[in-house]
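Here's the structure, in structure tokens; my notes come after.
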Amino acid sequence: MFLKFESEVGSLLQDAIKAAGYEVEMLCLETSDYADLASSVAFKLAPKYEKSPKRIAEDISRKIRIPKKTLIDRVEVKGPYINFYVNREFLNQTILQILKEGERYGSLPKKRQRIILEHTSANPTGPLHVGRGRNPIIGDTLVRMLRCAGYDVEVQYYVNDMGKQVAAIVWGYDNVERNALPKLERDKPDHDVVRYYRKATEIIAERPDVDSQIAQILSRYELGDSNTIERFKRVVNKCIDGQKRTLERLDIAFDRYVWESQFVMDGSVDKVLGKLKKTKYIKQEDGALVLDLTSFGVEKDFVLTRFDGTTLYTTRDIAYHLWKFDHADIVINVLGEDQKLSMEQLRCALKILGLRKEPKMIFYSFVSLPEGRMSTRKGVVVDLDDLLDEACERAYIEVQKRRPELSEKEKRRIAEIVGMGAVRFDIIKVAPEKMMTFKWEEALDFEKQGAPFIQYSHARACSILKKARKIGHGFDSSLLTAPEEVELIKKMALLPSIVDSAAQDLKPYVVATYARELAETFNQFYRAVPVLKAEEALRDARLSLVNCTRIVLANVLNLLGITAPESM
RNA sequence: GGGCCCGUAGUAUAGUUCGGAUAGUACAGGGGCCUCCGGAGCCCUUAACCCGGGUUCAAAUCCCGGCGGGCCCGCCA
């Protein structure tokens with residue numbers, strides 16, 4: 001409804017500007033504290049027409065004729081600003097729309113554009129850790145938003161199975177005695193794998209000969225030796241299975257796992273190299289093949305192959321990206337900030353190969369420990385599994401405090417919902433490029449206004465509706481005139497435009513901010529206005545409003561990948 | 001040394017794309033609220049744009065120069 005209001009205001013203002021004898025491209029419309037929509041267009045016109053912004057705003061507003069059938073209530077000029085306000089019809093329509101669309105409310109029309117979004121793509125060397133923990137959460141939230149905004153999205157995890165790291169683990173399985181390994185910390189396959197990885201790196205540091213053994217294993221793999229392939233698959237799958245289990249708790253899943261090796265084995269990496277070799281950008285250096293990208297403003301050469309002709313990670317990534325663009329209109333990657341340079345090089349290589357489109361990148365800063373960066377290899381990590389467990393434990397304590405009468409099973413269920421929600425929200429609410437330092441107390445502080453606050457508001461709405469038992473069908477939404485009621489409706493009307501801008505700008509945290517604001521607005525309403533005790537007609541109208549809020553809160557939480565509990 | 005990113009109350013953040021109204025919010029601190037349908041709540045209150053120049057009627061926002069932190073800088077992924 002807000003999008004419709006915005007377009008009505010847009011054309012009305014456009015016409016008025018013309019009628020007043022001005023010309024301008026940007027209408028400078030924005031939401032503001034002073035109005036439902038405000039335009040600062042008068043400022044833009046002032047220098048050109050050499051009049052004061054205030055006079056221009058007055059000129060324009062005199063030409064504004066609000067049509068009969070509209071969502072606009074009135075227009076006010078405040079100094080240089082032109083302010084627009086919604087009318088009763090807008091509010092009534094919003095309520096009806098939410099009730100009609102239900103869980104679809106907020107979704108935008110299908111766009112018929114296909115997106116491949118890649119996220120997480122962690123090295124298959126061990127369990128996911130908190131350092132890169134933002135990746136799956138940012139990625140998954142984006143996927144949910146983009147789908148809601150009408151895109152057809154496929155989510156992919158790119159499996160880096162061709163690295164030396166994986167070869168080192170394969171070597172470890174053959175050469176390390178089981179009893180030489182540290183105790184298995186958690187009964188999950190990824191935690192088993194990482195023990196071999198760490199032990200193998202330890203041994204490599206002491207015995208230089210092992211390095212060449214690992215190189216041999218890797219080269220047998222590249223050549224397609226079937227026995228070696230089996231062993232790689234076993235190790236990598238073990239690792240991925242473990243990671244999948246972790247992500248399941250956060251309600252994160254992938255549509256497709258794309259193995260890096262497939263592009264080497266099917267010859268597409270060779271094809272890419274062949275094409276690049278024919279371009280003027282290619283150079284040989286000590287047998288290695290490099291791309292000179294200075295003409296693209298990238299100072300660092302892109303190393304495509306080693307001296308022995310074997311390919312490197314980013315080279316294979318070119319083939320993967322060509323494949324992605326064959327299957328999608330838009331390609332989005334969620335990556336750590338350490339990938340910036342190589343992604344810039346990749347972008348150039350794709351251009352050289354004649355590709356018109358380029359992938360969109362979301363870079364996030366690592367979550368570091370107070371003492372420094374996390375590392376799987378060194379074992380300096382906080383495992384995501386541990387964080388999730390701890391979140392759940394702390395949530396359980398809170399549930400126990402508030403709802404001791406519930407069954408143990410129910411308390412555990414709620415604790416899981418609250419714990420996972422808190423983790424997701426805590427990560428998504430911050431812009432990806434901001435640095436985060438991980439501290440247990442802060443990450444798991446439920447006192448802050450986070451996911452539990454929003455979940456609680458939803459549970460409350462459900463509770464009221466449950467107590468009311470039946471909701472009158474023939475309610476009159478015009479009765480909802482208290483300021484808290486009007487604010488709540490206006491807030492809910494914003495959801496589609498929030499989804500639109502979040503998807504447009506790939507900014508998942510705007511949804512998080514909106515969710516918190518909506519919950520807050522509902523709490524204010526709840527505090528100020530009685531529902532169940534109101535007289536009948538008003539009661540029905542307010543119950544419908546509560547029902548709308550329940551729907552919108554649930555939809556927003558779903559967008560964030562957070563469960564909306566009916567009680568907690 | 002070079003490149004990219006970040007710097008907003010005690011702490012954590014929004015606003016920066018595209019310069020406009022009183023810089024929004026949370027936690028912590030101070031003070032209130034059970035006439036209430038769930039107090040994981042509501043209402044007050046204290047407190048901030050890293051520094052220095054410049055552009056502009058107007059700068060947290062744009063430009064230049066510093067300072068502090070993060071990431072990256074050819075055969076790792």
Side-chain angles (χ1 to χ4, degrees), chain A residues 26 28 30 32-35 38 40 42-44 46-47 52-53 78-81 83 121-123 125 160 162-166 260 285-291 297-308 310-317 336-342 344-345 363 365-366 368 373 395 398-399 401-403 418 426 429-431 433-437 442 445-457 459-468 505 507 509-510 512-513 516-517 519-520 523-524 526-534 539 542-543 546 567-568:
Chain A
M26 290 258 293
C28 309
E30 54 198 30
S32 120
D33 290 345
Y34 306 87
S40 57
F43 283 113
K44 283 278 164 304
S52 78
K78 265 255 162 59
Y81 294 91
N83 292 335
S121 305
N123 279 327
T125 51
N160 308 135
M162 296 217 85
K164 270 190 190 164
Q165 295 98 316
V166 180
E260 187 183 2
E285 272 179 25
D286 307 324
L289 221 50
V290 301
L291 274 184
V298 177
E299 295 301 320
K300 297 289 163 191
D301 291 342
F302 182 170
V303 180
L304 296 168
T305 69
R306 299 188 180 91
F307 66 93
D308 62 1
T310 53
T311 55
L312 289 136
Y313 169 80
T314 322
T315 319
R316 294 170 227 137
D317 216 9
E337 60 179 342
D338 55 340
Q339 308 277 320
K340 277 186 184 173
L341 177 61
S342 50
E344 194 52 40
Q345 293 174 327
F363 293 106
S365 297
F366 298 113
S368 57
R373 195 172 164 174
E398 296 300 314
V399 178
K401 228 190 296 184
R402 293 162 222 263
R403 305 292 301 278
V418 171
D426 201 58
K429 71 175 189 207
V430 178
E433 64 273 13
K434 297 264 187 191
M435 204 185 71
M436 289 179 111
T437 304
E442 282 176 21
D445 184 356
F446 295 156
E447 294 305 307
K448 289 188 176 180
Q449 230 182 68
F453 172 76
I454 303 159
Q455 289 171 315
Y456 181 69
S457 304
R460 254 181 172 176
C462 289
S463 170
I464 293 174
L465 293 168
K466 210 161 145 196
K467 283 226 169 86
D505 305 335
K507 285 185 175 170
Y509 59 85
V510 307
T513 307
R516 214 200 49 225
E517 285 171 4
E520 192 175 11
N523 281 325
Q524 284 160 353
Y526 169 95
R527 195 72 200 163
V529 182
V531 177
L532 294 175
K533 290 186 177 164
R539 181 175 185 267
R542 287 181 180 160
L543 277 170
V546 172
S567 84
M568 63 187 269

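The chains referred to below are lettered A, B, ... by the order of the sequence lines, with proteins before strands, and numbering in each begins at 1.
Contacts of A:S463 with the nucleic acid, taken as non-hydrogen atoms under 4.0 Å apart, include base atoms. As judged by a 4.0 angstrom heavy-atom cut-off over every strand, A:S457 is placed among residues making no nucleic acid contact. Residue A:V529 is in base contact, counting any heavy-atom pair closer than 4.0 Å across all strands shown. Nucleic acid contact class of A:S52 (heavy atoms, under 4.0 Å, all strands): none. Base engagement by A:A38 is indicated by at least one non-hydrogen atom pair under 4.0 Å involving a base atom. A:Y509 comes within contact range of the sugar-phosphate backbone alone, with a heavy-atom separation under 4.0 Å but no base atom that close. The residue A:D505 sits apart from the nucleic acid: no heavy atom pair falls under 4.0 Å. Using a 4.0 Å heavy-atom cutoff across all strands shown, A:S32 reaches at least one base atom of the nucleic acid. Among the atoms of the strands shown, none is found under 4.0 Å from any heavy atom of A:E517. Contacts of A:D301 with the nucleic acid, taken as non-hydrogen atoms under 4.0 Å apart, include base atoms.
Separating the CD atom of A:Q339 from the C1' atom of B:G3 is a distance of 16 Å, rounded to the nearest angstrom. Taking atom CD of residue A:Q345 and atom P of nucleotide B:C76, one finds them 14 Å apart after rounding to whole Å. Straight-line distance from the CZ atom of A:R527 to the P atom of B:C42: 9 Å, rounded to whole Å. In this structure, A:F453 places its CZ atom 9 Å from P of B:A26, rounding to the nearest Å. For the pair A:D317 CG and B:C76 P, the computed distance is 16 Å after rounding to whole Å. At whole-Å resolution of the value, CE in A:M436 and P in B:U11 are 17 Å apart. One atom, CG of A:N523, and another, P of B:G39, lie 9 Å apart when rounded to the nearest Å. Atom pair A:R403:CZ and B:G39:C1' shows a separation of 14 Å (rounding to whole Å applied).
Under 3.5 Å, the side chain of A:D33 and the base of B:A23 form no donor-acceptor pair of N or O atoms. Interface remark: the A:S365 side chain does not form any donor-acceptor pair with the B:G70 base, using a distance-only criterion of under 3.5 Å. For B:C75, the base has no donor-acceptor partner in the side chain of A:D308 [N/O atoms by modelled type, under 3.5 angstrom].
When the C1' atom is used for both B:A26 and B:G41, the distance is 15 Å, rounded to whole Å. B:C62 and B:U22 are spaced 23 Å apart, taking the C1' atom of each and rounding to whole Å. Straight-line distance between the C1' atoms of B:A60 and B:G15: roughly 8 Å, to the nearest whole Å. The separation of B:C6 from B:U25, taken at their P atoms, amounts to 24 Å, rounded to a whole angstrom. Separation of the P atoms belonging to B:G65 and B:C5 is 14 Å when rounded to the nearest angstrom. Between the C1' atoms of B:U55 and B:C43, the separation comes to 44 Å (whole Å). Only the P atoms considered, B:C51 is 15 Å distant from B:A59, to the nearest whole Å. With both ends at atom C1', the span from B:A21 to B:G38 equals 40 Å, rounded to whole Å.
Considering OG1 of A:T311 and OH of A:Y313, their distance stands at 12.5 Å, rounded to 0.5 Å. Taking NZ of A:K467 as the reference point, atom CG of A:L532 lies at 7.5 Å (rounded to 0.5 Å). In this structure, OG in A:S121 is found 6.5 Å from CG in A:N160, a value given to the nearest 0.5 Å. A:L304 contributes atom CG, which lies 12.0 Å from atom OG1 of A:T310 (distance to the nearest 0.5 angstrom). A:Q165 contributes atom CD, which lies 4.5 Å from atom CG of A:N123 (distance to the nearest 0.5 angstrom). Atom-to-atom distance recorded for A:D317:CG and A:Q339:CD is 8.0 Å, nearest 0.5 angstrom.
Residue whose closest nucleotide on RNA chain B sits further toward the 5' end, between A:A288 and A:E299: A:E299. Closest-nucleotide positions on RNA chain B for A:R316 and A:R460 were compared, and the one nearer the 5' end corresponds to A:R460.
Ranking B:A21, B:C73, B:C37 by closeness to the A:L341 side chain, first place goes to B:C73.
Stacking between A:F366 and B:G70 is absent: the aromatic ring centre is not both under 5.5 angstrom from the base six-membered ring centre and within 30 degrees in plane angle.
Glycosidic conformation at B:G19 (O4'-C1'-N9-C4 for purines, O4'-C1'-N1-C2 for pyrimidines): anti, more than 90° from 0.
For A:F363, the ring-ring contact (aromatic ring centres under 6.0 Å, His included) test picks out no residue, with sequence neighbours left out.
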